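Atom set for the values below is all heavy atoms of this structure, side chains included, hydrogens, waters and symmetry mates excluded. Everything quoted here is computed from the prediction, not taken from an experiment.
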Amino acid sequence: MSKNEFLAEAKARGFMFQCTDEAALDTACAAGSIAGYAGFDLTADSLHVGHMIPIMLLRLFQRHGHRPVALMGGGTTRIGDPSFREEARQLLSAEQIAANLVGIRANIEAFIRFGTGPGDGVLVNNAAWLERLSYIDLLREVGVHFSVNRMLAFDSVKSRLEREQGLTFLEFNYSILQSYDFRELNRHYGVCLQMGGSDQWGNIVSGVDLVRRTDQKTVFGLTTPLITTASGAKMGKSAAGAVWLSAERLSPYHYWQFWRNTEDADVGRFLRLFTDLPLAEIARLEALGGAEINAAKVILATEATTLAHGRLAAEQAAEAAKKLFEEGIATGGGPSIEIAAAEYGAGMAAFALLVRAGLAASNGEARRLIRGGGARLNDIVIRDEGQIIPAAVEMKLSAGRKQHMRVRVVDA
């Protein structure tokens with residue numbers, strides 16, 4: 001049993017997967033405030049729901065009096081993390097990385113309190129030290145502590161090589177740079193804990209080992225489990241694509257709908273992971289049966305959306321959904337899309353309109369939806385996937401029982 005409240009609650013909520021030395025970390029946390037970090041590479045101008053686990057763990061860490069450090073990967077993004085990827089990431093320009101940092105910083109600031117106080121979070125960019133490195137000095141000082149045999153045995157690397165998909169030397173260096181990050185953060189910010197997903201275990205252990213070898217200090221690594229839905233789908237994706245945290249990428253309404261559409265079997269688990277609700281209240285909600293579980297889903301959606309977009313936006317999304325789905329009133333707060341008349345033309349095939357409206361991810365998915373009787377236009381089932389839908393000032397398009405979109409054809 002954990003001596004400190006942070007690890008105890010992290011376990012109870014389902015954040016704990018692996019830890020390098022749990023007993024020693026428990027003792028360190030119980031002795032007083034410590035600093036811990038999670039890293040975020042800057043591959044897009046927004047994070048998505050798939051990044052929520054480390055964000056929520058940093059948030060929990062701060063709530064228990066510890067100092068969270070959010071590391072922006074301005075340097076490591078120039079290489080790209082190869083972990084469990086089938087191919088190398090596209091290399092981004094310095095300008096793209098700088099623009100992405102602005103968006104991702106805004107995402108994280110919604111969840112973490114940053115400032116200069118003792119419990120305030122710190123946001124750091126690893127470009128500050130990685131871009132100043134001398135390659136020869138890095139090889140002599142750090143490279144000597146890394147075993148190629150051990151690096152090849154990392155699951156993330158081994159799986160890539162076993163599929164014969166190749167691994168560039170550029171990507172192979174990522175683990176060394178991530179380890180270097182840990183040492184820099186320990187030296188300059190007193191960081192003694194790195195948190196990340198289970199796919200980062202090899203890199204995290206390498207960082208722990210580097211700090212021990214070069215600085216004779218004990219630091220810790222903690223990983224979280226890979227989160228999938230009860231049906232086995234990967235978190236962070238919807239029929240219309242990634243579930244972004246930025247309102248510019250995905251409206252608060254659609255974000256709310258993503259959580260509202262949670263599978264029954266996932267409600268309790270997601271309440272523990274993605275909200276701040278007390279565990280006792282979550283236990284009560286997940287015990288609800290039958291149609292009552294929908295009330296718990298509304299609470300999940302509203303609480304999760306509040307964290308990302310604020311209470312007002314969450315309540316507005318919940319009210320818009322209630323009016324649209326329960327009372328049949330299409331309000332301005334509900335999901336809508338405008339298509340220029342020039343693009344729409346005299347008409348659009350039903351399957352193409354579903355894709356254009358974001359209710360299906362591909363033509364194939366749209367065709368399957370129609371064949372299964374799951375697509376409706378103005379509440380009437382669409383029977384023919386090739387049916388031409390003529391232009392109208394406004395129409396209601398539906399995919400299944402829960403996803404709806406108001407489509408307006410407008411003059412450009």
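At a threshold of 4.0 Å, the pair Lys11-Glu22 counts as salt-bridged, since one of the basic side-chain nitrogens sits closer than that to a carboxylate oxygen. A salt bridge links Asp215 to Arg187: one of the charged nitrogens lies within less than 4.0 Å of a carboxylate oxygen. The pair Glu319-Lys322 does not count as a salt bridge, with every side-chain nitrogen at least 4.0 angstrom from each carboxylate oxygen. Taking a cutoff of 4.0 Å between a charged side-chain nitrogen and a carboxylate oxygen, Arg269 and Glu286 do not qualify as a salt bridge. Between Arg183 and Asp209 no salt bridge is recorded (no basic side-chain N to carboxylate O distance below 4.0 Å).
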Please test Val219 against Leu193 for side chain to side chain contact (heavy atoms under 4.5 Å, CB included), starting from the C-alpha separation and ending with a verdict.
-> CA-CA 6 Å; Val219 293; Leu193 172 65; over 6 Å; no

Step by step, would you call Met56 with Leu307 a side chain to side chain contact (heavy atoms under 4.5 Å, CB included)?
-> CA-CA 10 Å; Met56 291 302 294; Leu307 293 179; 3.7 Å; yes

For Phe220 and Ile34, what are the C-alpha separation, side-chain angles and deciding distance, and is it a side chain to side chain contact (heavy atoms under 4.5 Å, CB included)?
-> CA-CA 11 Å; Phe220 310 98; Ile34 66 170; 5.9 Å; no

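When atom types are taken as modelled, the side chain of Asn126 and the backbone of Asp181 share no donor-acceptor pair closer than 3.5 angstrom. Of the possible donor and acceptor atoms, one in the side chain of Thr27 sits under 3.5 Å from a partner among the backbone N and O of Ala23. For Gln62 (side chain) and Gly119 (main-chain N/O), a donor-acceptor pair under 3.5 Å exists by modelled atom type. Although no hydrogens or angles enter the test, the distance criterion places no donor-acceptor pair under 3.5 Å between the side chain of Ser246 and the main chain of Arg249. A donor-acceptor pair under 3.5 Å is formed between the side chain of Arg132 and the backbone N or O of Ala128. A donor-acceptor distance shorter than 3.5 angstrom exists from the side chain of Asp266 to the backbone of Ala230, with no hydrogens or angles considered. Side chain of Asn100 to main chain of Asp45: a donor-acceptor pair is present (N/O by atom type, distance under 3.5 Å, no hydrogens or angles). The main-chain N or O of Arg67 is never found under 3.5 Å from a side-chain atom of Asp120 such that the two would form a donor-acceptor pair. Between the side chain of Arg13 and the backbone N or O of Arg272, at least one donor-acceptor pair lies under 3.5 Å. A donor-acceptor pair under 3.5 Å links the side-chain atoms of Thr77 to the main chain of Leu42, judged by distance alone.
Within the model, atoms CG of Asp21 and CG of Leu222 stand 12.0 Å from one another, a figure rounded to the nearest 0.5 Å. Atom-to-atom distance recorded for Leu130:CG and Gln178:CD is 11.0 Å, nearest 0.5 angstrom. Summarising the geometry, atom NZ belonging to Lys297 is positioned 9.5 Å from atom CG belonging to Leu300; distances are rounded to the nearest 0.5 Å. We find the OH-CH2 distance between Tyr255 and Trp244 to be 13.0 Å, quoted to the nearest 0.5 Å.
Remark: Phe15 engages no residue in a ring pair (Phe, Tyr, Trp, His ring centres under 6.0 Å) (not counting sequence neighbours). For the ring pair (Phe, Tyr, Trp, His ring centres under 6.0 Å) test, no residue two or more places apart in sequence or in another chain qualifies with Phe351.
The side chain to side chain donor-acceptor pair (under 3.5 Å) test with Trp256 is passed by exactly one of Thr302, Asn261, Thr305: Thr302.
When all heavy atoms of Ala350 and Ile382 are compared, the pair lying nearest together is CB-CG2, 3.8 Å. Listed here is the closest heavy atom pair of Leu277 and Ile299: CD1-CG2, 3.7 Å. Taking both residues in full, the closest heavy atoms of Ile104 and Ala44 are given as CD1-O, 3.3 Å, listed atom of the first, atom of the second, then distance.
His48 and His51 have tilted rings, their planes meeting at an angle from 30° to 60° on a 0 to 90° scale. Using bins of under 30°, 30° to 60° and over 60° for the plane-to-plane angle, the ring pair Phe6/His66 lands in the perpendicular bin.
Ring centroids of Tyr189 and Tyr37 are separated by 6.0 Å or more, keeping the two rings apart.
The number of heavy-atom neighbours closer than 6.0 Å to CZ of Arg376, taken from other residues, nucleotides and ligands shown, is above 12.
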